[in-house]
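Accompanying notes for the structure given below.
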Amino acid sequence: MELASKYNPAEVEGKWYEYWENNKLFHSKPDGREPFTIVIPPPNVTGVLHMGHMLNNTIQDILVRRARMMGKNALWVPGTDHASIATEAKVVARLAAQGIRKNELTRDEFMKHAWEWKEEHGGIILKQLRRLGCSCDWDRTAFTMDEIRSESVIKVFCDLYNKGLIYRGVRMVNWDPKAKTALSDEEVIYKEEHSKLYYLRYYIADQDEVTPTGIDGEVLHKDSIGWYAVVATTRPETIMGDTAMCINPNDSKNRWLSGHKVIVPLVGREIPVIEDDYVDIEFGTGCLKVTPAHDVNDYMLGEKYNLPSIDIFNDDGSISEAAGMYVGQDRFAVRKQIAIDLDNAGLLEKMEDYTNKVGYSERNSDTAIEPKLSMQWFLKMQHFADMALPPVMNDELKFYPPKYKNTYRNWLENIKDWCVSRQLWWGHRIPAYYLPGGGYVVAETIEKAVEKARARNHDATITAADLRQDEDVLDTWFSSWLWPISLFDGINNPDNEEIKYYYSTNDLVTGPDIIFFWVARMIMAGYEYRGDMPFRNVYFTGIVRDKLGRKMSKSLGNSPDPIGLIEKYGADGVRMGLMLSAPAGNDIPFDEAICEQGRNFNNKIWNAFRLTQSWTVSADAEQPESSRLAVEWFDALLAKSAAEIDDLMSKYRISEALMTVYKLFWDEFASWYLEIIKPVYGQPIDSRTYNSTLDLFEKLLLLLHPFMPFITEELWQNVRERKNGESIMNQSILEIAHPYDGKVIADFEACKALVTEVRSIRKQKNIPMRDALTVEAICTNPLKHLNSIMKKMAGLDNIEVVNAKSDGTAPFMVGTAEFAVRLGGLIDVDAELAKLDAELAHLEGFLKGVMAKLGNQNFVAHAPAAVVELERKKQSDAEQKIAAVKENMKRLGRNC
RNA sequence: GAUCCGUUAGCUCAGUUGGUUUAGAGCGCUUGCUUGACAGGCAAGAGGUCGGCGGUUCAAAUCCGCCACGGAUCACCA
């Protein structure tokens with residue numbers, strides 16, 4: 001077979017992915033083996049792959065492929081999320097582009113458009129995951145709004161309602177005026193913003209009764225019109241909703257306002273001055289305007305003091321009729337206008353620059369959230385928090401890295417009820433049905449609702465037509481939190497074989513940004529509905545950033561196209577690039593250049609294979625001693641490395657595990673093993689070495705496969721004859737790690753050190769490899785059994801044991817064993833002495849440190865015997881080396 | 001503002017209960033190599049007073065305290 005000198009991923013990736021799928025190699029069904037399960041964090045159904053997905057899914061695939069090769073029944077379940085707000089926003093935008101407004105459509109018409117959109121754009125991301133090599137069981141592909149998942153969601157809602165954990169009520173919620181829906185607290189992100197602080201005059205209503213005692217002499221509260229108070233606010237447009245002014249009862253400078261009424265500027269309404277120590281005396285003027293309908297804290301004050309609440313905003317953020325002024329204008333336009341109007345009316349005392357934080361929708365980052373009173377559905381969370389906290393804190397359910405336990409605890413200990421209703425259409429419609437005469441029932445189906453309604457009203461004539469279903473849908477996360485259960489139909493059929501076999505799943509791989517949205521809530525649902533954790537381990541990936549450390553974003557244009565990268569470097573190359581730069585829990589500064597390293601490694605593997613294919617094999621040729629030794633050594637090293645990889649993977653140190661295989665292949669197998677067994681050009685290789693080499697190469701491919709699935713399959717299929725349907729995917733890696741002789745590896749390391757010394761001397765003296773050299777071993781050669789290898793690799797004709805080194809030799813040491821290279825006339829005395837001087841200085845410095853320790857009576861008395869012993873060994877080794885260096889100096893004519 | 005995490009070679013990071021020959025890796029860098037696997041390669045090198053100051057200890061990159069810088073999460077004063 002004629003092989004190109006470079007690996008071409010495009011030629012093989014599609015072929016093998018198809019082969020895996022056709023042979024059902026990703027498919028799993030319950031059997032007698034131990035299961036290993038991962039459920040995918042479902043990407044948005046209409047989303048496209050970004051670097052975060054690439055990282056996250058590469059990790060999952062590595063874990064799944066590895067588990068499969070360890071003899072487990074491995075299952076990775078794929079699926080997509082309906083992403084209520086994001087998808088609905090996209091559909092609305094598309095309709096708008098076609099000149100259709102959402103409110104011109106019926107709910108059914110809109111849903112038809114939405115499903116069309118889903119069919120058109122849905123699933124692209126799943127195709128992209130195939131390009132990456134993900135070994136998902138595609139037969140199980142699920143969608144959070146498919147039949148089983150929808151039924152599960154509705155069932156759970158009804159169940160929680162029946163348990164008294166879900167309630168409906170008017171509360172202050174985070175309102176998104178663009179999407180026109182409520183959001184949960186977690187969906188609001190606060191951004192710092194430069195704004196203004198407006199100081200407004202509120203004149204006293206009952207001027208005659210003002211007795212300004214305790215007024216700070218410098219602050220004047222009276223002008224030609226009369227006495228007034230000043231309020232500082234960032235939101236002057238909300239004054240139409242003011243129903244009180246509040247001061248702190250301990251605030252002496254505002255004491256005089258107590259018990260009076262003030263007039264809301266421009267509006268003219270009289271409002272009371274109330275007192276509460278919530279007010280910060282130091283902030284602004286110490287006077288707070290209270291707008292119960294539009295601020296969470298004001299709402300609390302309103303409740304406490306029974307204040308009326310005037311909702312001055314419409315759902316889209318424009319001013320409502322209730323405001324009585326500026327009706328229909330946008331809230332931000334009004335803020336500008338009202339400042340002008342206040343100023344003209346002499347009611348604006350001053351304006352200051354101010355930095356505050358404004359909440360934005362996590363999904364529509366350009367829309368400021370409006371705190372708004374509205375009727376919503378809530379889930380009581382304390383019950384769930386109580387269940388979900390202990391297993392994480394006591395490490396039954398492990399977080400990697402563990403620092404996120406803190407974040408988790410923090411949230412659960414300050415848990416607030418979850419607003420689960422959304423004023424959208426794309427989602428699971430809340431199964432609450434309103435009765436004609438008021439009140440409602442909650443039921444899984446309309447039929448059951450009718451039954452309940454009849455029972456409730458004692459009226460057997462009620463029909464489905466009389467009931468009106470709640471218009472709202474549920475928060476997307478209300479379906480996602482059931483994912484590890486609903487994927488196996490464990491809500492609808494709690495005793496089915498699949499849920500019992502696959503649940504609890506093993507690992508969840510996700511980003512720390514959704515620890516509250518998703519991870520915590522899945523844990524809650526897991527305990528509520530299965531009495532057990534949904535997964536045993538959570539691996540939190542970092543955020544993929546660009547090489548300057550910035551988040552990847554569309555607006556910065558710094559996010560590479562994943563498919564473009566795969567086309568450029570191959571899926572294996574990109575996977576490796578990502579994994580090499582992704583230590584657990586750290587953010588990943590992604591530089592495309594690192595994919596080159598991945599690609600180069602593929603090429604290295606490819607060329608190693610090419611080398612083995614170029615040999616002719618002879619059954620008669622005898623196995624050289626050096627080859628026998630190399631096989632023995634590399635087999636031991638492979639066993640050692642496999643054990644290391646096991647250990648690293650068990651700690652989710654995937655990056656380090658990959659680096660271990662990388663170095664094993666490149667530095668040990670390619671640079672040493674292959675160079676040792678490589679026959680002289682044109683000569684055949686003995687069949688024994690050849691077969692051993694293929695065995696070792698195969699084992700390397702197995703270890704590499706979870707990281708680089710495509711190239712390893714391609715080469716594994718070609719190393720030896722395979723039957724149709726066979727795949728590297730289901731080979732076992734369990735046998736690679738076995739007991740080995742550590743001395744074999746240690747001796748080989750010493751042998752490599754000798755070779756490197758000789759090569760270094762060759763370079764200094766400019767002696768090419770073709771000129772054979774002779775090495776002297778002084779008194780004894782502890783590496784004698786490896787002579788054949790050292791000769792071949794260092795280009796030596798002989799390694800002689802001598803009693804004393806000859807003149808004209810360059811000495812060196814391997815450990816404490818002395819060697820020298822015969823150089824004849826090539827020796828440069830001055831350079832040699834300079835080298836020895838440097839070495840002596842180093843050794844003496846080292847010895848001094850050791851002696852300082854040993855000379856310290858406290859050290860000798862307190863340190864463990866083994867540590868003291870080690871220091872003594874260091875001392876004797878150093879002394880021995882120093883003696884050797886001095887001896888070498890003497891021979892070069894230096895008196896020491 | 002509260003809590004947590006980090007600061008080790010030019011870059012990205014290891015360094016697992018304090019002691020393993022006066023700190024390791026990958027990439028990058030330097031120098032030398034064109035005939036037989038691979039220049040996307042081979043070989044040999046250079047490079048760090050472990051953020052700063054103090055403390056505990058026979059012994060500190062490792063433990064404690066303070067400071068500086070960076071990051072995360074939560075909470076916010078209108």
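We use all heavy atoms of the structure for the numbers below, so side chains are in, but hydrogens, waters and symmetry mates are not. Order of the sequence lines sets the chain letters (A, B, ...), proteins ahead of strands, with each chain counted from 1.
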Taking side chain as C-beta onward, heavy atoms only, is A:Val719 less than 4.5 Å from A:Leu701? yes

State which residues pass side-chain hydrogen bond (donor to acceptor under 3.5 Å, both in side chains) with [X]; sequence neighbours excluded, sorted by chain then number.
{"X": "A:Gln875", "answer": "A:Glu879"}
{"X": "A:Tyr199", "answer": "A:Glu352"}
{"X": "A:Glu675", "answer": "A:Lys678"}

Rounded off to whole Å, could you give me the NZ-to-C1' distance for the A:Lys874 and B:U20 pair? 7 Å

Whole-Å distance between B:U12 P and A:Ile543 CD1? 17 Å

Could you summarise the pairing of RNA chain B as dot-bracket text, marking Watson-Crick and G-U pairs under 3.5 Å with ( ) or [ ] inside the strand and | across strands? (((((((..((((.....[....)))).(((((.......))))).....(((((..]....))))))))))))....

Nucleotide-resolved protein contact map, nucleotides 37-44 of chain B, B/S/- at heavy-atom distance under 4.0 Å: BB-BSSSB

Cut-off 3.5 Å, no hydrogens considered: what does the side-chain donor-acceptor table look like for residues 657-665 of chain A, sequence neighbours left out?
from: A:Thr660; atom 1: OG1; to: A:Glu656; atom 2: O; distance (Å): 2.8
from: A:Tyr662; atom 1: OH; to: A:Gln597; atom 2: NE2; distance (Å): 3.4

Between the base of B:U21 and the side chain of A:Asp877, is there a donor and acceptor pair under 3.5 angstrom? yes

Can you tell me, in whole Å, how much space there is between the C1' of B:G6 and that of B:C13?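 Taking atom C1' in both B:G6 and B:C13, they lie 12 Å apart.
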
Over all strands shown, is A:Glu656 touching base, sugar-phosphate only, or nothing at heavy-atom distances under 4.0 angstrom? sugar-phosphate

